[in-house]
Structures are given as C-alpha cells and as structure tokens.
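Heads up, the thing below is written out as structure tokens.
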Amino acid sequence: MTSNSVERYNPRVEEPRWQKAWDEGATFVTRNDDPRQPYYVLEMFPYPSGRIHMGHVRNYSMGDVLARYKRARGFKVLHPMGWDAFGLPAENAAIQNKVHPKGWTYDNIATMRRQLKSIGLGLDWSREFATCDVAYYSKQQSLFIDFFNAGLVTRKTSKVNWDPVDMTVLANEQVIDGRGWRSGAFVEQRELTQWFLKVSDYAEDLLEALDTLDQWPEKVRTMQRNWIGKSEGLRLFFELVGSDKTNMTSIEVFTTRPDTIFGASFVALSADHPLIKELAANDPGMAEFVGEVRKIGTATEAIDKAEKIGRFTGLHVNHPVKPGETLPVYAANFVLMDYGTGAIFGCPAHDQRDLDFARKYDLPVHPVVLPEGEDPAGFAVGDTAYTGPGRLFHSEFLDGLEIEAAKKAIAAHFGSRNIDNHPQGMVEVNYRLRDWGISRQRYWGCPIPMIHCEVCGTLPVPKKDLPVRLPDDVSFDKPGNPLDHHPTFKHVNCPQCGGPARRETDTMDTFVDSSWYYARFTDPHAETPTVPEVANAWLPVDQYIGGVEHAILHLLYSRFFARAMHKTGHLAVDEPFKGLFTQGMVVHETYQLGNGQNGQWVSPSEIRIEAVDGERRAVMLGTGEPVTIGSIEKMSKSKKNVVDPDEIVRTYGADTARWFVLSDSPPERDVQWTEAGIEGASRFLQRVWRLVVDASDLLKSPRGVPDAADADSLAIRKAAHKTVANVGVDIEGLRFNRAVAQIYELANAIAKFTQAVTDAPTPGRLGALAEAIERLVQLIAPMMPHLAETCWAALGKDGLVIDAPWPAVDETLLIESTVTVPVQVNGKLKANVTLPIGAARELVEKEVLSLEPIARMLDGKAPKKLVIVPDRIVNVVI
RNA sequence: GCGGGCGUGAUGGAAUGGUAGACAUACCGGACUUAAAAUCCGGAGGGUGUAUACCCAUGCGGGUUCGAGUCCCGCCGCCCGCACCA
C-alpha cells in the first residue's frame with residue numbers, strides 16, 4: 001500500500017483552517033426566523049474560574065456531537081454558550097491577589113473563550129453573554145420585581161455562618177472543621193433577615209411534574225423526589241403541665257409516626273424554638289446549651305453528624321393517651337426548626353435518633369410495634385430501633401392494627417378531641433423542601449433591586465430606575481460586604497415618599513443567574529428578559545447536558561424559575577429541560593513526591609511512567625526521583641492531577657482530545673484520562689487519514705455501481721449502512737462510547753476491503769469503497785469535525801461536510817436472510833445452528849435435536865422442555 | 001447522619017432477562033527496518049491438558065427463572081450530593 005509514504009495529518013494546520021472557514025461562513029449562527037424544525041442543545045455553562053479543564057472539554061464535546069448530528073438531520077439547532085460569571089471565587093481573588101472581581105472575571109472569560117474556540121465547538125457565539133453583564137443582570141432585576149409583585153418573594157429570618165473575627169458571613173465552603181477559612185475562628189450561627197423565593201408554593205407541582213420528565217435519568221428524579229420530601233403526618237398538640245417558667249399552654253409537634261404515640265417517652269424542641277428562646281432568656285444553662293448548638297454551623301451534614309445532645313427544660317407535658325402520665329421536655333440539637341414545627345415527640349423504640357438520645361439521657365424505651373412472628377412478651381429493642389412493619393401492641397385501642405391502620409385510627413382519635421378550642425391533632429402534608437434564601441452579603445452578584453424606607457416600608461426599585469448597577473469603586477480592605485460600606489451605593493431616595501431611604505445591599509445567590517439563562521439565550525439581546533413568542537418556540541431545551549452534582553439544586557431552582565416566569569408572563573412552559581443527561585467526571589491518577597501527609601503533589605507533566613518487570617513506576621522528569629502513584633481522583637488543582645486542554649490541543653489537536661473523551665467510558669460515568677488513551681485516539685485519527693488517502697488514490701480510477709454478486713463489496717456495503725444506522729441511534733441516545741466502537745469496526749472493515757480493492761480493483765468495488773469511505777468520514781464528522789472536513793476535501797467532495805445531510809440508510813442492506821442461533825443445554829452454550837430468519841418451530845426443533853452434541857447429550861431421550869426464542873436462542877432442558 | 005449511584009479480563013469498557021468480555025488500551029509473537037518509532041498480520045479471562053472436551057468466572061452470600069452481569073433480598077467496598085462552592 002501507499003500509506004507509508006503518506007504525509008501525516010497535521011491538526012495544527014488543519015484545525016485553525018476549518019475553524020476560520022466555519023467562522024467566515026457564519027456556519028453556527030442560528031436565526032430565530034429559520035423555518036426549519038427547532039432543536040435546542042445546551043450544556044451547563046461554565047464558571048469562568050480561569051482556564052478550561054478536561055471536564056469542560058468532555059461536556060461540550062458531547063453537546064457538540066449532538067448539535068452537529070441534529071444539524072445534519074435537518075434541524076435548526078440552537079447551541080449557545082455563556083458564562084456563569086458572578087460568585088465567590090472572584091471575591092476571594094480580589095481579597096487574596098488585590099485584583100478587581102470584574103477585571104479578574106472578564107480576563108478569565110477571554111482566556112476561556114479562546115480555549116473553547118480552539119476545541120472547534122459548533123457554537124453560536126453571537127448569542128454569548130456573561131451573567132455579570134449589566135445587560136443580563138438588569139433583566140434579572142426586572143424579573144425579581146415581577147416575582148415580588150406576583151407574591152413569589154418573601155422576607156424572613158434565616159441562619160448564616162458568622163465569622164466573629166472577620167465579622168463576615170461565610171459560605172459553608174468557607175467553614176473548615178467548624179472554623180472560618182481565613183481567621184481560623186470558631187464559626188457561629190447568626191440570624192439575619194433575608195430575601196426568599198417561595199419555592200415551597202410549588203412543592204406539590206414540582207413533585208408531580210417529575211413524572212412527566214421521562215427523558216431525565218431516573219436517579220435525578222428520585223433525588224429530586226427525596227429532596228422535596230413529601231410526607232403525610234399529624235400535627236399534634238401536647239398540653240404543658242403548668243409552670244411558672246412560661247405562659248405557653250401547649251407544644252405543637254409534627255410526626256409521621258403518630259401510631260407510636262403509646263411508645264412516646266419525651267418531647268424534644270429545636271434550640272431555635274420560641275419556647276427554648278424564652279427559657280434561655282432566664283436560664284444561663286439553657287442559654288449556654290443554645291450557644292453550644294449554634295457552634296455547629298449551618299451545614300446539614302455537620303448538624304446530622306454531630307453527637308446528639310440535649311438539655312432538660314424542667315417542663316413536662318401530659319401524655320396525650322395515658323392519663324396521669326407526663327413526658328419530659330428537652331431542647332435537642334437534632335431537631336430542626338426548618339422542618340415541621342421545630343418540635344417532635346420521641347419514640348425511642350422505633351426511631352434511631354430518638355433511641356440514641358434516650359440511651360444517652362436514660363429515658364424509657366417502650367416498643368409498641370411488634371414484628372411478625374415475635375413474642376410480645378420477649379420483644380425488646382437494643383441499640384437498633386425497629387422501623388419495619390408489624391402490628392401495634394401495648395397500645396390499648398390500637399392493639400392488633402397494622403401501622404397504616406393505626407395511623408388512621410389515632411388521627412381520628414385526636415381529630416375528635418379538643419384542646420384550646422381546636423382539635424388536638426390534624427392530618428397534615430409536610431414537605432422537606434424549603435423556600436430559597438437568595439440573599440448574599442457579598443459584592444460580586446446581582447444587586448437585589450429593593451429599597452427600605454422607614455416611612456413607606458420595603459419597596460421595589462421602579463423599573464424605570466433599573467438597572468441597579470454594581471459600583472466599580474469598591475474596596476475589599478474592610479471585612480463584610482463592600483456594598484454596605486460603599487460611600488454612596490446604599491443612600492437613595494424612597495421611590496414613594498422621596499425621603500431618605502436605604503438601598504438593599506445584599507446581592508442574589510448565583511443560582512438565580514443560572515436559573516433562567518437557558519431562556520435568555522433564545523433572544524439574548526432583547527430589551528425584556530425574554531421575548532415570549534421566541535422563547536416559547538425554542539423551549540423547553542431538547543437536550544440539557546451537565547454534571548450530576550447539579551442534580552438537585554440547580555435543576556430544581558430552574559424548574560421553579562420556569563414556573564415563576566410562566567406566572568409572570570415571560571414564558572409559556574413550566575419545565576425548562578425536556579431531556580437531561582448527567583455526564584461523569586474526568587479523573588486522573590495522582591502523583592506524590594514523598595509519602596503520607598508530607599507528600600507533595602506533582603502534576604502528570606512533571607513525571608514519567610516506566611514499566612519495570614511489568615510494574616508501573618513513576619519518576620520525576622528532571623531528577624529521576626521516585627514518585628508514588630496514588631488513587632484516581634477528580635482532576636483538581638489542589639492535587640495537581642490536571643491535564644491542561646491547551647497543551648493537549650497543541651500536542652495532539654482538538655479532534656484527538658474530543659475523540660478520546662467520547663470513547664471508552666460511557667458518558668454518564670467517569671472517564672480516566674491516560675497518556676495511553678490519548679495516544680490511541682491520536683493513532684486512530686492518523687489511521688482514518690491514511691484510509692482516506694489510500695481510498696482517494698484508488699478512486700482516481702473510474703468507479704461503477706457496486707456489484708451485488710461480489711461478496712466483499714456486499715459485505716462492506718452492509719457494514720457501512722449498518723454502522724450509519726447504529727451510530728445515529730447511539731448519538732441520539734448519547735451513547736458515544738458505543739458509536740465510537742461501531743466506527744472502529746467500520747474502519748477495520750474498510751482497511752481490509754481496501755486491501756481487496758488494491759488486489760482486484762473493479763469499478764464495482766471502487767463504487768462500494770467510495771460509498772463506505774464517504775460514510776466513514778460523515779460518521780466521524782460530529783466528533784472529529786476538522787479531520788472530517790480535510791478528508792471530505794481530499795475525497796473531492798464539494799462544499800463542507802458540516803453542510804452535508806446525514807447519509808441515508810438503505811434498509812434492504814440491513815436485512816439478513818439467515819441467523820446463527822446459539823443452542824444451550826440447561827442454560828449452557830453447547831452449539832450453534834444457522835437457520836432462516838423466522839424459521840418455523842418445527843424446523844428449529846428438528847435442526848436443533850439433530851445437532852451432534854445435542855443428540856449425544858440427549859442420548860435418545862426426549863428433552864424435558866424446549867425453549868425457543870425465535871431468531872435469538874434455543875434452550876434444551878434435559 | 002440522610003439521600004443517590006457504582007462494582008465485569010492487566011486496564012477503560014460491551015452485552016432489549018438469551019453465545020459474558022464487542023471495541024479500545026497495555027501486553028506477547030511475527031512481518032517490514034541497519035535499528036527504533038510508525039505501520040501491517042496474528043495471539044490472549046483463569047484452570048485441567050490429546051481436546052472440537054470439561055470445570056471455574058461479572059465485589060460477597062442467598063433467591064426468582066428453562067436461562068441472571070442484568071430482576072429481588074441481605075452484606076462489603078468505593079464515589080457523588082446535602083440548601084451560602086459552582
């Protein structure tokens with residue numbers, strides 16, 4: 001063959017050339033008035049942290065493959081890109097490196113835009129925006145005011161992490177082992193009045209509509225369901241035994257297990273419960289306890305992991321179903337004020353947390369649910385609470401009932417008893433989902449457009465006065481929110497009375513920015529947040545792709561936002577994302593110089609891997625010092641196990657990087673970046689190029705119609721058409737690794753066929769070769785678009801491959817007349833038999849039983865059973 | 001702690017309940033080469049060993065089924081999220 005003399009494909013020349021051609025032809029600019037059917041592909045937009053990482057390359061390559069494929073299928077495709085540009089890291093950089101968040105952010109965007117362009121993504125850059133652009137956040141302020149006027153905004157108190165030394169609010173991320181990240185001081189909880197979006201108004205709708213999202217991963221829907229956390233229970237009043245410590249007469253608890261009321265042994269209140277606050281005012285011991293609980297911070301994980309502690313209040317309540325008995329009332333750190341009523345009754349036998357608490361404070365444990373088959377006299381609970389099914393016992397009128405029946409009976413019982421002129425118990429549906437606190441005491445975010453007037457109250461900024469611009473002249477020298485100590489920002493006149501008023505200095509959570517950007521992309525330069533008829537034509541997003549780490553918050557908030565924008569007339573859809581795909585991370589081995597905690601992380605570019613006696617070892621490039629190969633982890637700067645996309649593009653080209661991140665691993669799973677893997681991808685790229693060069697040499701001879709009688713020609717045609725069909729299905733299903741494997745197989749088949757054609761080049765064979773090689777080029781085009789363009793040109797095709805329609809499949813080539821079916825005996829493979837497609841049962845039976853190994857095993861006897869799955873498998877049971 | 005997921009050769013992985021290991025990487029052998037790289041051809045889950053024969057094998061232990069990597073139950077290990085990171 002001529003391949004040895006073929007010049008290697010040079011991505012450094014070819015890639016910029018085609019990127020320029022696409023740019024000049026405005027290939028990826030999408031017009032809203034294009035009459036073709038719309039298809040909207042969106043990848044989660046990046047935070048401009050500084051540089052693109054391999055996770056971005058993977059995410060955007062996936063979206064790009066789908067976008068280019070859909071484009072070839074004749075859709076008008078919307079595939080935009082922007083920047084989730086507000087947030088904490090910019091402020092951290094400002095504090096640490098004395099740079100302005102704005103300059104830092106826009107510099108990063110410039111770098112990352114250049115990087116993304118070098119990957120050759122088919123993006124409509126004319127629609128680009130950053131959420132920190134005034135043009136974007138001013139529309140967000142307008143949306144906020146609409147939400148406010150529609151009753152979707154509220155103001156209430158909530159807790160924040162407070163650094164007592166830096167005198168500033170900390171994010172959970174900035175709290176490390178209970179201490180502030182910069183000061184090292186123990187963090188405390190503080191209550192602030194903050195702005196909330198009323199997500200909980202939509203709890204039921206957000207839950208129910210999950211059933212309609214059939215193109216979402218089941219796991220994401222399950223996680224959202226659990227997050228919303230609908231539970232039906234009983235709101236129950238416990239009468240306080242008279243005391244001079246409080247004027248309250250009852251405690252209201254919420255429980256999902258009212259059936260276990262006869263097993264109650266205490267009542268516990270959150271440290272934030274009004275009654276505990278009241279007691280703490282006069283009881284230094286209780287005040288100290290409340291302070292202790294507040295030291296845990298606000299992260300749920302930390303609260304849950306903390307040891308369960310409590311303090312007796314000195315109060316008792318009457319047992320609601322055991323006249324004459326009372327229960328002690330405790331303050332406890334594991335009861336949350338945010339859920340239910342901030343008070344529970346404890347039934348230690350049937351709840352693990354209650355049991356832990358009871359054992360610690362020596363409270364009684366009364367089992368009241370008896371598991372099937374247990375002896376009522378002998379059943380006891382040790383260190384593990386019994387939460388399974390069973391029948392009630394030791395419960396008077398509930399005895400013998402199953403749990404659900406007991407819940408109904410006890411609800412009816414309390415519903416008919418009165419206390420303080422209301423029923424003692426009421427059935428109630430509760431959600432774990434809380435309203436969304438969006439206030440942040442930070443500079444680099446979208447200012448909340450509200451004004452506080454002592455006379456007129458809190459009012460929205462009139463829309464004519466929008467935007468509320470972030471001032472540029474801020475200082476990060478003082479702790480706290482720079483907007484708060486800016487000389488002029490907060491001083492404003494009341495829009496109603498004109499008197500002096502105070503501008504809100506909190507900014508919005510950056511999740512607000514990312515909750516509607518998908519809608520903004522449909523008409524990114526509009527004067528209003530959306531142009532509804534344009535947005536409605538594009539939305540919902542057909543395929544949304546991003547990390548599973550966003551499975552709950554970002555996706556739930558976006559779903560809420562679509563509903564809120566619907567209510568306020570900006571959209572006509574409730575669900576923003578019709579299809580969702582959550583891709584895995586890019587992971588890499590870690591390397592350390594020295595051992596254990598003193599080990600110093602080193603990057604893959606600083607080391608060399610050697611194989612000694614079949615064992616992989618790593619050494620430092622310069623010194624040859626041995627390096628420990630550590631675990632495979634998510635690429636992170638701190639562990640230095642990062643591979644810079646720029647370097648990969650420079651060395652191998654964008655197509656190789658794209659091909660590698662799409663091959664091997666299923667897209668929803670993590671992919672391990674390896675040197676060998678990228679080398680393999682690079683070799684395949686050169687192999688395709690050689691195949692094309694060889695084919696184009698052969699195709700200089702006149703070609704004809706493929707000859708159906710030539711077995712090789714027929715085989716390659718079948719392979720080509722089958723691969724086109726399968727790759728299409730795989731791309732639609734985002735199974736890129738399978739698409740890649742199919743393409744490898746076709747390339748292998750073409751290589752073999754090329755040899756056959758070289759040996760005997762008939763016009764018919766040349767026709768078959770031309771068909772196969774052109775299809776191969778079109779199949780790789782979505783994944784390796786630059787190489788595909790070069791190949792397309794080398795094959796003498798007119799125009800760009802990006803503009804060529806997806807190749808048609810000749811269905812008649814996919815139909816086989818016979819099929820080879822495995823034959824099992826008792827489920828184990830023993831033979832194969834080739835049968836006509838759709839063979840009659842009688843024929844299958846006759847053929848199978850006459851097979852030598854089968855006949856031998858049957859030894860003249862008839863099989864017990866013969867399982868025949870037509871055209872799939874035969875199982876002989878003997 | 002709560003919630004979700006994953007576990008298959010040396011490695012990444014493939015497999016609508018129907019031939020486990022497609023495809024690739026690494027490896028071994030051969031061709032080409034002064035040599036190496038590249039390229040091309042071939043081999044290969046483990047075991048028994050005349051083998052076209054048999055046994056074992058999808059984290060571990062049970063179950064359902066003619067048939068289980070796949071479904072169910074119970075363990076073990078690893079990963080992700082937990083509301084102010086994005």
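Order of the sequence lines sets the chain letters (A, B, ...), proteins ahead of strands, with each chain counted from 1.
Regarding I854(A), its CD1 atom lies at a distance of 11 Å from the P atom of A53(B), rounded to whole Å. A straight line from CZ of R856(A) to C1' of A53(B) spans 8 Å, rounded to a whole angstrom. When rounded to the nearest whole Å, the span between CZ of R58(A) and P of G12(B) equals 14 Å. As rounded to whole Å, 13 Å separates atom C1' of C2(B) from atom OH of Y339(A). The separation between L355(A) atom CG and G1(B) atom C1' is 15 Å, rounded to whole Å. The CD1 atom of I743(A) sits 16 Å away from the C1' atom of A14(B) (whole-angstrom rounding). C54(B) atom C1' lies 15 Å from atom CG of N826(A), rounded to whole Å. Regarding E668(A), its CD atom lies at a distance of 13 Å from the P atom of G5(B), rounded to whole Å.
Among the protein residues, D338(A) comes within range of no part of the nucleic acid, since none of its heavy atoms lies under 4.0 Å from any strand. Nucleic acid contact class of K308(A) (heavy atoms, under 4.0 Å, all strands): none. Among the atoms of the strands shown, none is found under 4.0 Å from any heavy atom of P853(A). Residue contacts shown for V877(A) are limited to sugar-phosphate atoms, with no base heavy atom under 4.0 Å away. Across all strands, K864(A) comes closer than 4.0 Å to no nucleic acid atom at all (heavy-atom distances).
Checked against side chain to side chain contact (heavy atoms under 4.5 Å, CB included), R190(A) has the following partners two or more places apart in sequence or in another chain: V160(A), W162(A). Annotation: side chain to side chain contact (heavy atoms under 4.5 Å, CB included) contacts of L553(A) (sequence neighbours excluded): W227(A), F511(A), Y557(A). In terms of the salt bridge (charged side-chain N to carboxylate O under 4.0 Å, His left out) criterion, residue partners of K305(A) (sequence neighbours excluded) are, by chain and number, E301(A). R559(A) is linked by a side chain to side chain donor-acceptor pair (under 3.5 Å) to Q224(A), E575(A), counting only residues two or more places apart in sequence or in another chain. By the salt bridge (charged side-chain N to carboxylate O under 4.0 Å, His left out) test, E191(A) pairs with K277(A), sequence neighbours left out.
Spacing between U19(B) and G29(B) at atom C1', rounded to whole Å, works out to 29 Å. With both ends at atom P, the span from G63(B) to G42(B) equals 45 Å, rounded to whole Å. Comparing the P positions of G1(B) and A57(B) gives a spacing of 34 Å, expressed to the nearest Å. Comparing G49(B) with G62(B), their P atoms are spaced 29 Å from each other, to the whole Å. One C1' atom belongs to G3(B), the other to U58(B), and the distance between them is 28 Å to the nearest Å. U64(B) and C72(B) are spaced 7 Å apart, taking the C1' atom of each and rounding to whole Å. The separation of G59(B) from G7(B), taken at their C1' atoms, amounts to 6 Å, rounded to a whole angstrom. Comparing the C1' positions of G12(B) and U33(B) gives a spacing of 33 Å, expressed to the nearest Å.
Phosphate proximity of A57(B) to K828(A): absent, as no side-chain N or O sits under 4.0 Å from OP1 or OP2. Contact between the side-chain N/O atoms of R669(A) and the OP1/OP2 oxygens of A14(B) is found at a separation under 4.0 Å. When the side-chain nitrogen and oxygen atoms of S665(A) are compared with OP1 and OP2 of G13(B), one or more of them lie within a distance under 4.0 Å.
Distance check, rounded to the nearest 0.5 Å: OH of Y443(A) to CG of D484(A) gives 14.5 Å. Here the CG-NE2 distance, from L580(A) to H550(A), works out to 11.0 Å after rounding to the nearest 0.5 Å.
W216(A) and Y544(A) have their aromatic ring centers separated by at least 6.0 angstrom.
Ranked by how close their nearest RNA chain B nucleotide is to the 5' end, R872(A) and K752(A) are led by R872(A). Remark on RNA chain B: of its neighbouring residues Q352(A) and V876(A), the 5'-side contact belongs to Q352(A), judged by nearest-heavy-atom nucleotide.
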How does each nucleotide of nucleotides 20-29 of chain B score, in 5' to 3' order, for protein heavy atoms under 4.0 Å: base (B), sugar-phosphate only (S), or none (-)? --BSSSS---
Scoring nucleotides 80-86 of chain B by protein non-hydrogen atoms under 4.0 Å (B base, S sugar-phosphate only, - none) yields -SBBBBB
Nucleic acid footprint by protein, nucleotides 68-75 of chain B - heavy-atom cut-off 4.0 Å, B for base, S for sugar-phosphate alone: --------
Only distances under 3.5 Å count here; give the side-chain donor-acceptor pairs of residues 866-878 of chain A to other protein atoms, sequence neighbours excluded, each with its distance to 0.1 Å.
from	atom 1	to	atom 2	distance (Å)
D871(A)	OD1	G838(A)	N	2.9
D871(A)	OD2	G838(A)	N	3.2
N875(A)	OD1	N826(A)	N	3.4
N875(A)	OD1	G827(A)	N	3.0

Table please: side-chain donor-acceptor pairs of residues 664-672 of chain A below 3.5 Å, with sequence neighbours left out.
from	atom 1	to	atom 2	distance (Å)
S665(A)	OG	D670(A)	O	3.2
D670(A)	OD1	M585(A)	N	2.9

Could you tabulate the donor-acceptor pairs under 3.5 Å formed by side-chain atoms of residues 676-686 of chain A, not counting sequence neighbours?
from	atom 1	to	atom 2	distance (Å)
E679(A)	OE2	Y652(A)	OH	3.0
Q686(A)	OE1	Y9(A)	N	2.9
Q686(A)	NE2	Y9(A)	O	3.1

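Just one of T505(A), T168(A), D506(A) meets the side-chain hydrogen bond (donor to acceptor under 3.5 Å, both in side chains) condition when paired with Q441(A); it is D506(A).
Heavy-atom neighbours of E852(A) CD from other residues, nucleotides or ligands within 6.0 Å: above the threshold of 12.
Listed candidates were G3(B), C54(B), G5(B). Nearest to the side chain of K219(A) is G5(B).
Distance alone, capped at 3.5 Å, is enough to place a donor-acceptor pair between the D163(A) side chain and the D166(A) backbone. Remark: the backbone N or O of G584(A) is paired with a side-chain donor or acceptor of R58(A) at under 3.5 angstrom.
Taking the O4'-C1'-N9-C4 or O4'-C1'-N1-C2 dihedral as appropriate, G9(B) has a value within 90° of 0 and is therefore syn.
With the 3.5 Å cutoff on both pairing distances, Watson-Crick and G-U pairs in RNA chain B assemble into runs of at least 3 at B:1-7 with B:76-82, B:10-12 with B:23-25, B:27-31 with B:39-43, B:45-48 with B:53-56, B:59-63 with B:71-75.
Classified by interplanar angle (parallel below 30°, tilted 30° to 60°, perpendicular above 60°), the ring pair H56(A)/Y60(A) is parallel.
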